[in-house]
2 protein chains.
Amino acid sequence: MSLMTIGKLSGATGVKVTTIRYYESIDLLDEPERSASGQRLYGDAAVERLGFIRHARDLGFPVSAIRELISLQVDPGRDCDLVDQIARRQLGEVRRRLTQLEALEAELKRMITACEGGKIASCSVLAALGHHEQCLHEEHAGKEVLAALPSK
Amino acid sequence: MSLMTIGKLSGATGVKVTTIRYYESIDLLDEPERSASGQRLYGDAAVERLGFIRHARDLGFPVSAIRELISLQVDPGRDCDLVDQIARRQLGEVRRRLTQLEALEAELKRMITACEGGKIASCSVLAALGHHEQCLHEEHAGKEVLAALPSK
DNA sequence: CTACAGTCTACAGTAACTGTAGAGGCAAGA
DNA sequence: TCTTGCCTCTACAGTTACTGTAGACTGTAG
């Protein structure tokens, strides 16, 4: 069970076949052995490596960062600072996105509860999108937006 | 102060000049008037419309949804259900992403606090990325990952 | 008049894949 | 052995939402 085709590797890691070939093309994965007929053959090391890449991607690390992390792994004697730095940078990114998404959630919730089956002319979702600085509960919100939009 | 060039519109809305031209090319924005020399000239309606688009994009709505919303606006007599539906769909998306990001944040935090200036050979960040099913606190985590990775 | 910033078109590039076409490969059943 | 049906191959185009570049023209302030 040592060598497997690209389909098995895909099944083992949850990474699509086309994506595996893509990773090879951008040098995230080494070129594998080939069978006599030219099919890619992977060993267990490829499962590990691809799992590493996949997990890092799931965590939101960009491919460039993953490339960095992999290049660090080949030199295990060095200090861990750079790895730490990359992870911290990523954590900052994640937190930034979290804050943003929380605001979005609040606003969308507000928009939806305000929109209770009226006509579009007074739909608060559209009003909210048009005038984000205005309060949703003002009665005549919406008409202005519609007036402002050329009816093509 | 009624007509403005693309640069002013950009300044007024915070949308980059190139992006405005892009929106025009994908028909999110109507083609504006032109000056004698061919420069785009926008009125206040464009500020409204572009603000609407920008805000919706900030909320994470894909361009396709925005196109839908705009097309709904031109027909204000209809029911608000579709608008509501688009917003709910978007809220679901946002919540999905939120949950995911929260998990990421937790994991990254765990990774970083575990990594305290050692050598790469034992770096827990790399270990965590390699073996996400394993506990970080097992002593020998990491070496296996490095062993598994071909040193190119 | 001369800078210099702004604008124009057209096209290429970005990230991180996904999808397609058309050809060839491999294992199992009739 | 043939056939069925899925797997794999390469090469390239398409996706989303922009961003950047080249090279030319325009508009304005000193």
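Scope of the values below: all heavy atoms of this structure, side chains included, with no hydrogens, waters or symmetry mates. Residue numbers begin at 1 in each chain, while the letters A, B, ... track the order of the sequences.
D:dG30 is paired with C:dC1 under the Watson-Crick or G-U wobble criterion, all donor-acceptor distances under 3.5 Å.
When each of A:V17, A:V15, A:T5 is paired with A:S10, the side-chain contact (heavy atoms from CB on, under 4.5 Å) condition holds for A:V17 and for no other.
In this structure A:R67 satisfies the salt bridge (Lys or Arg N to Asp or Glu O under 4.0 Å) test with no other residue, sequence neighbours excluded.
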Its contact letters, B for base, S for sugar-phosphate only and - for none at protein heavy atoms under 4.0 Å, make nucleotides 5-26 of chain C read --SSB------BBS------SS
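One interatomic measurement links the two molecules: CD of B:E24 to P of D:dA17, which rounds to 18 Å at whole-angstrom precision.
Atoms CD1 and CZ, from A:I66 and A:R54 in turn, are 12.0 Å apart once rounded to the nearest 0.5 Å. Distance check, rounded to the nearest 0.5 Å: NZ of A:K8 to CG of A:L3 gives 13.0 Å. Rounded to the nearest 0.5 angstrom, A:E105 CD and B:L98 CG are separated by 5.5 Å.
Checking side-chain atoms of B:R49 against main-chain N and O of B:I70 turns up no donor-acceptor pair under 3.5 Å. Looking only at distances, no side-chain donor or acceptor of B:R40 sits under 3.5 Å from a matching main-chain atom of B:E33.
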Identify each atom pair where a protein N or O and an N or O of nucleotides 13-15 of chain D are less than 3.5 Å apart, giving names and distance.
none

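Here the side chains of B:I6 and B:Q39 are not in contact, with every heavy-atom distance at 4.5 Å or above.
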